[in-house]
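Pasting in a structure now, in structure tokens, and then I'll have a few things to ask.
In the text below, chain A, chain B and the rest are named by the order of the sequence lines, each starting its count at 1.
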Amino acid sequence: DAGITQSPRYKITETGRQVTLMCHQTWSHSYMFWYRQDLGHGLRLIYYSAAADITDKGEVPDGYVVSRSKTENFPLTLESATRSQTSVYFCASKNRGGNQPQHFGDGTRLSIL
Amino acid sequence: DAKTTQPPSMDCAEGRAANLPCNHSTISGNEYVYWYRQIHSQGPQYIIHGLKNNETNEMASLIITEDRKSSTLILPHATLRDTAVYYCIVRGDNTDKLIFGTGTRLQVFP
């Protein structure tokens, strides 16, 4: 039962670099989500996707780009990383249906120097 | 989505029941109550959810008051591995977004 996996688990990069965080789920869930978690802010939604080729902004989308060409993958790209994007990033997925719960990956800890 | 209020922290002895309260006095008719927990450095883990009836699964029980303005998550026999931050979230079936608050930090002690 692979479920939802994120890679890499840890990443250190420099400001201005492009970095892509990967998320893969094996459940064929329609919906996928990206959150970031920072001290004092809890989890905040960055982007989400209701299906392949459909994406929408969440609470804090600035500085991030997403794509969803396949149902099972939902990569998150920081096109020009800034120190304020140092955070722990969580991907989640859920099945179609109004009350279905989201299921989360184990996160990517990203440090931007 | 309705706002939830939880105590910031609670303690529980190992083997005893842990009862975590949540207030959601502005909940509306189509909104579900979800519980997640987050163990240090891991992703949030789904526990249980309900609309108005009490629910039970292998992890926990969820008791929702008749007026639906509050609920209680019950871990029947807490273990040290249940030490985590527990989030109570209210979400309508017309939105896919979860809004996490600050949760309750449950400390289970030997």
Calculate, to the nearest 0.5 Å, the distance between atoms CZ and CD1 belonging to Arg44(A) and Ile99(B) respectively.
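These two atoms lie 13.0 Å from each other.
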
Minimal non-hydrogen separation, Ser41(B) against Arg9(A), with atom names:
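Closest pair (atom of Ser41(B), atom of Arg9(A), distance): O-NH2, 4.3 Å.
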
Between Tyr32(B) and Pro101(A) (side chain of the first, backbone of the second, donor and acceptor by atom type, cut-off under 3.5 Å), is there such a pair?
no

Do Leu45(A) and Tyr89(A) share a hydrophobic cluster, counting only Ile, Leu, Val, Met, Phe, Trp and Tyr and linking them when any side-chain heavy atoms are less than 4.5 Å apart?
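Different hydrophobic clusters.
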
Gln38(B) versus chain A, heavy atoms under 4.5 Å apart: side chain, backbone, both or neither?
side chain

Once rounded to the nearest 0.5 Å, what's the spacing between atom OG1 of Thr102(B) and atom CG of Leu43(A)?
12.0 Å

With hydrophobic residues grouped by side-chain heavy-atom distances under 4.5 Å, do Ile74(B) and Tyr86(B) end up in a single group?
no

Within 6.0 Å of CD1 in Ile12(A), more than 12 heavy atoms from elsewhere
no

According to a hydrophobic-cluster definition based on side-chain heavy atoms being under 4.5 Å apart (Ile, Leu, Val, Met, Phe, Trp, Tyr only), do Tyr31(A) and Tyr64(A) belong together?
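No, because Tyr31(A) and Tyr64(A) fall into different hydrophobic clusters, even though each may have its own neighbours under 4.5 Å.
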
Treating Ile, Leu, Val, Met, Phe, Trp and Tyr as nodes and any side-chain heavy-atom pair under 4.5 angstrom as an edge, say whether Leu110(A) and Phe74(A) lie in one connected cluster.
yes

Starting at OH of Tyr35(A), measure out to CG of Leu98(B) and round the result to the nearest 0.5 Å.
4.0 Å

Distance-minimising heavy-atom pair for Gly43(B) and Phe90(A)
CA-CE2, 3.2 Å

With a 4.5 angstrom heavy-atom cut-off, which part of Gln6(A) approaches chain B: side chain, backbone, both or neither?
neither

Greater than 12 external heavy atoms within 6.0 Å of Leu80(B)'s CG:
yes

Do any N or O atoms from the side chain of Tyr36(B) and from the backbone of Gln102(A) form a donor-acceptor pair under 3.5 angstrom?
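Side chain of Tyr36(B) to backbone of Gln102(A): a pair is present.
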
Which atom names give the shortest non-hydrogen contact between Tyr46(B) and His103(A), and what distance separates them?
CD2-CE1, 4.0 Å

Donor-acceptor pair, distance only, cut-off 3.5 Å: does the side chain of His49(B) make one with the backbone of Asn99(A)?
yes

Would you say Ile4(A) ends up clustered with Ile46(A) if hydrophobic residues are merged whenever their side chains have heavy atoms under 4.5 Å apart, either directly or through other cluster members?
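Result: no, two separate clusters.
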
